[in-house]
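Step one of this worksheet: look at the structure below.
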Amino acid sequence: MPGPQRLAQPTSAPPRDGVTDLVRWAAFSCFLVPVALLWYGTSFAGTAGTALGLAAVTGVCRLLLRRSERLAADPHGGDGAGRGGRRRRPARTVRGGGRHAGENTPVD
């Protein structure tokens with residue numbers, strides 16, 4: 001007779017970060033696209049330029065995604081209040097705008 005059966009313990013996997021997954025796929029495509037270009041006969045210089053361009057775009061997108069995550073998690077709404085950073089100032093209003101006639105200018 002077999003021994004007592006143990007129930008499987010649920011594993012607590014760390015939560016997946018969507019940005020990290022996105023950057024991983026982008027890095028994979030930065031590798032895959034140049035390989036495909038070389039396979040189909042594109043010049044090495046053209047392939048290298050394409051790879052560098054893709055890597056640059058991927059890096060900039062990663063920075064922007066991380067920045068947007070930080071701003072979204074900011075409890076102050078991103079206005080910089082209380083953190084010693086740049087603070088927004090209220091917009092200036094223009095008073096009495098328009099063209100002003102001089103003292104000796106005839107007005108119709």
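The analysis underlying the following values was restricted to heavy atoms, covering all of them including side chains, and did not include hydrogens, waters or symmetry mates. Note that this is a predicted model, so its numbers are computed, not measured.
- Classification of the Phe28-Phe31 ring pair by plane angle, with boundaries at 30° and 60°, yields tilted.
- No donor-acceptor distance shorter than 3.5 angstrom exists from the side chain of Thr42 to the backbone of Leu38, with no hydrogens or angles considered.
- Residues satisfying the side-chain hydrogen bond (donor to acceptor under 3.5 Å, both in side chains) criterion with Arg66, sequence neighbours excluded, are Asp17, Thr20, Glu69.
- Ser43 contributes a side-chain N or O that, together with a main-chain N or O of Gly46, makes up a donor-acceptor pair within less than 3.5 Å.
- Remark: Asp74 CG to Arg70 CZ distance equals 10.5 Å, nearest 0.5 Å.
- The distance from atom CH2 of Trp25 to atom OG1 of Thr58, rounded to the nearest 0.5 Å, is 14.0 Å.
- Scanning both residues, Pro34 and Ser29, for their nearest heavy atoms gives CD-O, 4.0 Å.
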